[in-house]
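What follows is one structure encoded as structure tokens, with my remarks underneath.
FYI, side chains are in, hydrogens and waters are out, and symmetry mates aren't considered; it's all heavy atoms of this structure. For reference, positions follow the sequence shown, starting with 1.
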Amino acid sequence: MQRRDDGREAGGATGSREAGGRQEHGLWRGRRETPEERADRRWTELVQEIRVAQTGVQILFGFLLTVVFAPRFADLSDVNRTIYIVTVVLGAAATGALIGPVSFHRIVSGRRIKPQTVVWAARLTFTGLVLLLATMVSALFLVLRVATDDGFVPWLVSGVALWYLLCWFVLPMWARHRYTTRD
């Protein structure tokens, strides 16, 4: 066993998985934290991420709820009304998934299961992001259909959907693979 600068043992050539660190050329890389410390850190990071997504989905959902009271709503075709209903339901589901981690944490708080709470909250957040993506695409589709009857609307919306997929999922997954793959 090697000793670190602070006198503690380094824990072998690869470091401690639980501590989240590894040793390279006699130097520690990564964090040295207990599972509880890691759960606390991950929870704090997740809450910050959720705040961004919650704000967006709540504003969008609130706007969607008011559309039905607009004078032009009565003039919507049956297809556009169906798209609206699907969009509102998707927005409601996204809101539920993105607020879910807060409720989950509150209900299980103090039960000493924070690592499991973080895992479930992350799953709810990911689900919420997928539902938010669907809500935004559906809302954009509806707005552009009402604004214009041109045949390019599905193509334009598909392009925006691909952009969302690239920014929200493809690029992060590429970076995850690129920068965390072992040599």
(request) Would you mind reporting whether L132 and W168 have side-chain heavy atoms less than 4.5 Å apart? (result) yes
(request) Check whether any side-chain N or O of S103 sits under 3.5 Å from a backbone N or O of G100 as a donor-acceptor pair, and report yes or no. (result) no
(request) Could you tell me whether the side chain of L98 reaches within less than 4.5 Å of the side chain of L124, counting heavy atoms only? (result) no
(request) Tell me, with the steps shown, if V102 and R106 meet side-chain contact (heavy atoms from CB on, under 4.5 Å). (result) CA-CA 6 Å; V102 176; R106 184 54 23 223; 5.6 Å; no
(request) Flag the pair V157 / V137 as yes when at least one side-chain heavy-atom distance between them is below 4.5 Å, and no otherwise. (result) yes
(message) Between V47 and H105, does the side-chain contact (heavy atoms from CB on, under 4.5 Å) criterion hold? Intermediate values first, please.
(response) CA-CA 11 Å; V47 167; H105 181 265; over 6 Å; no
(message) Let me confirm one number: the OG1-CD distance from T125 to Q54, rounded to the nearest 0.5 Å.
(response) 8.5 Å
(request) Return the minimal non-hydrogen interatomic distance between V118 and A39, and the atom names on each side. (result) CG2-O, 3.5 Å
(request) Quick one: which residue pairs count as a side chain to side chain donor-acceptor pair (under 3.5 Å) with a foot in residues 129-141, not counting sequence neighbours? (result) T87-S138
(message) Would you say CZ of F69 has more than 12 non-hydrogen atoms from neighbouring residues, nucleotides or ligands within 6.0 angstrom?
(response) no
(request) Apply side-chain contact (heavy atoms from CB on, under 4.5 Å) to the pair D40 and E33, showing each step before the final yes or no. (result) CA-CA 10 Å; D40 288 340; E33 54 193 6; over 6 Å; no
(request) Tell me, with the steps shown, if W174 and Y179 meet side-chain contact (heavy atoms from CB on, under 4.5 Å). (result) CA-CA 8 Å; W174 171 82; Y179 297 110; 4.1 Å; yes
(request) For P101 and W43, work out which heavy atoms get closest and say how close. (result) O-CH2, 3.4 Å
(request) Measure up the F126 and F169 rings against each other and bin them: parallel (under 30°), tilted (30 to 60°), perpendicular (over 60°). (result) perpendicular
(request) Say whether M136 and V130 are linked into one hydrophobic cluster, either directly or through other cluster members, by side-chain heavy-atom distances under 4.5 angstrom. (result) yes
(message) Quick one, Q48 and E45 - any side-chain contact, counting heavy atoms below 4.5 Å?
(response) no
(request) Of all the heavy-atom pairs spanning P115 and P35, show the shortest one and how long it is. (result) CG-O, 4.4 Å
(request) Would you kindly confirm whether V68 and F61 end up in one hydrophobic cluster when ILVMFWY residues are joined by side chain heavy atoms under 4.5 Å apart? (result) yes
(request) Check each of T127, L133, L129 against L131 using the side-chain contact (heavy atoms from CB on, under 4.5 Å) test, and report the only one that passes. (result) T127
(message) One thing to verify: whether E37 and R41 come together as a salt bridge, which I'm taking to mean a side-chain N less than 4.0 angstrom from a carboxylate O.
(response) no
(message) Quick check for you: to the nearest 0.5 Å, what is the distance between S158 atom OG and F141 atom CZ?
(response) 8.5 Å
(request) Treat each ILVMFWY residue as a node, draw an edge where side-chain heavy atoms are under 4.5 Å apart, and state whether V108 and W120 are in one component. (result) yes
(request) Flag yes if Y164 and L144 sit in one hydrophobic cluster, no otherwise; membership is Ile, Leu, Val, Met, Phe, Trp, Tyr, and two members link when side-chain heavy atoms are under 4.5 Å apart. (result) yes
(message) Same cluster or not: I83 versus V88, using hydrophobic residues (I, L, V, M, F, W, Y) connected whenever any side-chain heavy atoms lie under 4.5 Å apart?
(response) yes
(message) I need the L171 CG to R176 CZ distance, nearest 0.5 Å.
(response) 13.5 Å
(message) Against N80, only a single residue in I85, D75, V146 fulfils side-chain contact (heavy atoms from CB on, under 4.5 Å); can you say which?
(response) V146
(message) For a 4.5 angstrom cut-off between non-hydrogen side-chain atoms, does R145 reach V79?
(response) yes
(message) If the condition is ring pair (Phe, Tyr, Trp, His ring centres under 6.0 Å), which residues does Y84 pass it with, not counting sequence neighbours?
(response) F73
(message) Quick check for you: to the nearest 0.5 Å, what is the distance between K114 atom NZ and R42 atom CZ?
(response) 12.0 Å
